[in-house]
Amino acid sequence: MAMDVTFLGTGSAYPSPTRGASALVLRREGECWLFDCGEGTQTQLMKSQLKAGRITKIFITHLHGDHFFGLPGLLCTLSLQSSPEPTKPPLDIYGPIGLRNFIWRTMELSHSQLAFPYVVHELVPTRDQCPAEEFKDFSLLRDEISPREARGRILQLDPGENSYLLVDNEQLVVKAFRLFHRVPSFGFVVEEKPRPGKLNVEKLKDLGVQPGPAYGKLKNGISLVLEDGRTISPSDVLEEPVPGRKICILGDCSGPVGDEAAELCREADLLIHEATLDDSQEEKAKEHGHSTPKTAAAFAKLCGAQKLLLTHFSQRYKAGVGEGDADVTQLKRQAEAALDGQEVALAEDLMTLEIPVKKSSFFGKK
């Protein structure tokens with residue numbers, strides 16, 4: 001099961017010739033999920049090896065323009081490139097409350113008609129996710145709906161887990177958690193459910209069980225009764241379950257709200273965290289609700305992330321050092337120092353990072 005992340009935009013505030021505005025795609029089994037959609041995202045998609053038509057879900061971390069101003073244009077382009085299909089499932093869009101009204105207004109004012117259905121699921125933020133003077137109650141916006149839009153869910157915070165359950169199917173669970181920024185911001189956890197381990201075929205043959213339907217029953221967790229009365233349990237011939245992969249993608253923040261975020265991200269295979277400014281700019285970063293490499297590393301250490309990847313760099317930091325430019329690799333060095341030398345990666349536009357499948361070993365029952 002292939003899974004990878006492609007960064008379409010890794011800069012903050014605005015797109016530049018060297019860094020696009022925030023956007024990344026998580027691809028799994030050919031299906032693409034887009035996280036944030038800053039201005040110019042559709043152009044970056046065209047430069048990549050990704051197929052925009054395979055986007056089935058879009059997640060917006062927060063309502064700052066550099067994270068969602070590219071969304072109306074992308075939706076219109078996807079519509080132009082698609083043919084009307086009455087049975088096509090809707091495009092799911094997740095984001096803070098107010099996002100649905102923004103999309104509806106933009107489509108309405110521009111006389112844009114989408115050839116595919118979509119549904120917006122809105123997360124209701126809490127007042128402690130931003131400074132009090134910045135909080136706006138967008139739930140008071142008019143509740144109008146586009147003819148192509150299905151009625152989405154209003155997602156409230158689960159006070160027990162301190163998270164929002166977005167997706168829960170046979171293969172995956174997706175949750176959101178709260179972040180502190182100048183406006184309410186969210187992080188997303190995408191976690192695969194454990195998969196059944198492989199069958200020990202040699203042991204089954206030794207027991208007199210030949211390949212066929214019996215193998216499928218055992219694989220599905222059903223015990224098998226042989227003709228001689230012996231019972232074979234799945235645990236007798238199955239490897240340990242294969243743990244799923246966990247990817248955590250944080251929006252802009254100076255830190256999470258509540259202690260549960262670290263538990264949600266516990267032992268993440270990949271933690272994608274913003275580092276807008278270097279450690280020498282810590283006070284400025286906090287003032288604007290952003291993080292430094294030290295901040296990102298502290299959270300990575302707290303949740304035991306296997307790999308930390310920094311993104312959302314100020315446009316002052318360039319991939320290569322030039323006159324008047326700051327070297328982005330200093331952010332990498334600062335994060336690695338805070339993590340006691342553990343390697344840290346820096347995101348670059350159009351960079352793809354593969355997340356390998358985890359393995360389990362047979363536990364040797366005889």
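All residue numbers in this chain count up from 1 along the given sequence. Keep in mind that what you see is a predicted model, and the values were worked out from it rather than measured.
- Side chain to side chain, Thr352 and Thr6 meet the donor-acceptor criterion of an N or O pair below 3.5 Å.
- Ring-centre distance between Tyr164 and Phe186: below the 6.0 Å cut-off.
- Counted within 6.0 Å of CD on Gln210, heavy atoms from surrounding residues, nucleotides or ligands total more than 12; the atom is thus considered enclosed.
- In the displayed structure, Lys217 atom NZ is contacted under 6.0 Å by at most 12 heavy atoms of other residues, nucleotides or ligands.
- Within a 6.0 Å sphere centred on CG of Asp259, heavy atoms belonging to other residues, nucleotides or ligands number 12 at most.
- No continuous path of ILVMFWY side-chain contacts below 4.5 Å connects Phe188 to Ile97, so the two sit in separate hydrophobic clusters.
- No donor-acceptor pair closer than 3.5 Å links the side chain of Arg178 to the backbone N or O of Leu157.
- In this structure the side chain of Pro196 never reaches within 4.5 angstrom of the side chain of Pro241, judged on heavy atoms.
- For the pairing with Pro293, the side chain to side chain contact (heavy atoms under 4.5 Å, CB included) check across Leu277, Leu346, Leu331, Val344 returns one residue only, Leu331.
- A side-chain donor-acceptor contact under 3.5 Å links Tyr215 to the backbone of Val209.
- The number of heavy-atom neighbours closer than 6.0 Å to CD of Glu133, taken from other residues, nucleotides and ligands shown, is above 12.
- Once rounded to the nearest 0.5 Å, the distance linking CZ of Arg54 with SG of Cys32 reads 7.0 Å.
- Looking at Val174 and Phe59, their side chains come closer than 4.5 Å, going by heavy atoms from C-beta outward.
- Looking at Ser16 and Thr18, their side chains do bring a donor and an acceptor atom within 3.5 Å of each other.
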Test salt bridge (Lys or Arg N to Asp or Glu O under 4.0 Å) applied to Glu263 and Arg266, step by step: CA-CA 5 Å; Glu263 192 57 39; Arg266 179 70 57 200; 3.2 Å; yes
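- Remark: side-chain polar atoms of Glu267 are not paired, donor with acceptor, to backbone N or O of Cys303 under 3.5 angstrom.
- Just one residue in the list Thr311, Leu309, Leu8 forms a side chain to side chain contact (heavy atoms under 4.5 Å, CB included) with Met351, and that residue is Leu309.
- Between Phe116 and Ser79 the shortest heavy-atom distance is CE2-N, 3.5 Å.
- Using a 4.5 Å heavy-atom cutoff, the side chains of Leu165 and Val173 are in contact.
- Of all non-hydrogen atoms in Leu218 and Ser233, the two that sit nearest each other are CD2-C, 4.2 Å.
- Judged by distance alone, the side chain of Glu274 and the main-chain N or O of Cys253 form a donor-acceptor pair under 3.5 Å.
- Of the charged side-chain nitrogens involved, at least one lies within less than 4.0 Å of a carboxylate oxygen, so that Arg19 and Glu348 count as a salt-bridged pair.
- With respect to the salt-bridge test (charged N to carboxylate O, under 4.0 angstrom), the residues Glu287 and Lys284 do not qualify.
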Side chain to side chain contact (heavy atoms under 4.5 Å, CB included) between Asn101 and Phe138, worked out: CA-CA 9 Å; Asn101 193 273; Phe138 290 129; over 6 Å; no
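- A salt bridge does not link Asp236 with Lys203: every distance from a Lys NZ or Arg NE/NH1/NH2 to an Asp or Glu carboxylate oxygen is 4.0 Å or more.
- For His64 and His62, the ring centers sit closer than 6.0 Å to each other.
- No donor-acceptor pair closer than 3.5 Å links the side chain of Gln49 to the backbone N or O of Leu350.
- Annotation: the span from Leu199 atom CG to Leu204 atom CG amounts to 6.0 Å, rounded to 0.5 Å.
- Under 4.0 Å is where a charged nitrogen must lie from a carboxylate oxygen, and between Lys358 and Asp269 at least one such pair does.
- Counting heavy atoms from C-beta on, the side chains of Tyr94 and Lys57 come closer than 4.5 Å.
- Heavy atoms of other residues, nucleotides or ligands lying less than 6.0 angstrom from NZ of Lys301 number more than 12.
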Chi angles and distances behind the side chain to side chain contact (heavy atoms under 4.5 Å, CB included) call for Val5, Phe35: CA-CA 10 Å; Val5 176; Phe35 290 80; over 6 Å; no
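- How far CG of Leu179 is from CG of Leu250: 5.0 Å, rounded to the nearest 0.5 Å.
- Here the side chain of Gln129 pairs a donor or acceptor atom with the backbone of Thr126 at under 3.5 angstrom.
- Glu31 and Thr56 share a side-chain donor-acceptor pair at under 3.5 Å.
- Within the 4.5 Å cutoff, side-chain heavy atoms of Leu99 are placed close to those of Leu71.
- Distance check, rounded to the nearest 0.5 Å: CD1 of Ile93 to CZ of Phe68 gives 12.0 Å.
- Between His288 and His181, the ring center distance fails the sub-6.0 Å criterion.
- Expressed to the nearest 0.5 Å, how far CG of Leu114 lies from CD1 of Ile103 amounts to 9.0 Å.
- When side chains are defined from C-beta on, Asp66 counts as touching His312, because their heavy atoms get closer than 4.5 Å.
- Glu161 contributes no side-chain N or O that, together with a main-chain N or O of Ser163, makes up a donor-acceptor pair within less than 3.5 Å.
- Closest approach of Ser223 and Pro234 over heavy atoms only: OG-CD, 3.6 Å.
- Between Asp252 and Arg182 there is no salt bridge, since no side-chain N of the basic residue sits under 4.0 Å from a carboxylate O of the acidic one.
- Side-chain contact between Ile58 and Ile60 is present, with heavy atoms from C-beta onward closer than 4.5 Å.
- Considering all non-hydrogen atoms of both residues, Ala347 and Phe313 come closest at O-CE1, 3.4 Å.
- Gln113 CD to Glu108 CD: the interatomic distance, rounded to the nearest 0.5 Å, is 9.0 Å.
- Here the shortest heavy-atom pairing between Val119 and Gly152 reads CG2-CA, 3.3 Å.
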Full working for side chain to side chain contact (heavy atoms under 4.5 Å, CB included) between Asp92 and Val167: CA-CA 10 Å; Asp92 286 304; Val167 180; over 6 Å; no
Lys193 vs Asp168, salt bridge (Lys or Arg N to Asp or Glu O under 4.0 Å): CA-CA, chis, key distance, verdict: CA-CA 10 Å; Lys193 293 182 178 180; Asp168 188 358; 2.8 Å; yes
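- No side-chain heavy atom of Ser291 sits less than 4.5 Å from a side-chain heavy atom of Phe299.
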Side chain to side chain contact (heavy atoms under 4.5 Å, CB included) assessment of Asn162 paired with Leu264: CA-CA 9 Å; Asn162 203 12; Leu264 286 169; over 6 Å; no
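- A side-chain donor-acceptor contact under 3.5 Å links Asp279 and Thr292.
- At a threshold of 4.0 Å, the pair Glu192-Arg245 counts as salt-bridged, since one of the basic side-chain nitrogens sits closer than that to a carboxylate oxygen.
- Between the side chain of Glu122 and the backbone N or O of Arg100, at least one donor-acceptor pair lies under 3.5 Å.
- Side-chain atoms of Asp349 and Thr10 form a donor-acceptor pair, as typed in the model, at a separation below 3.5 Å.
- Across every non-hydrogen atom of Ala345 and Lys307, the tightest pair is CB-CE, 4.0 Å.
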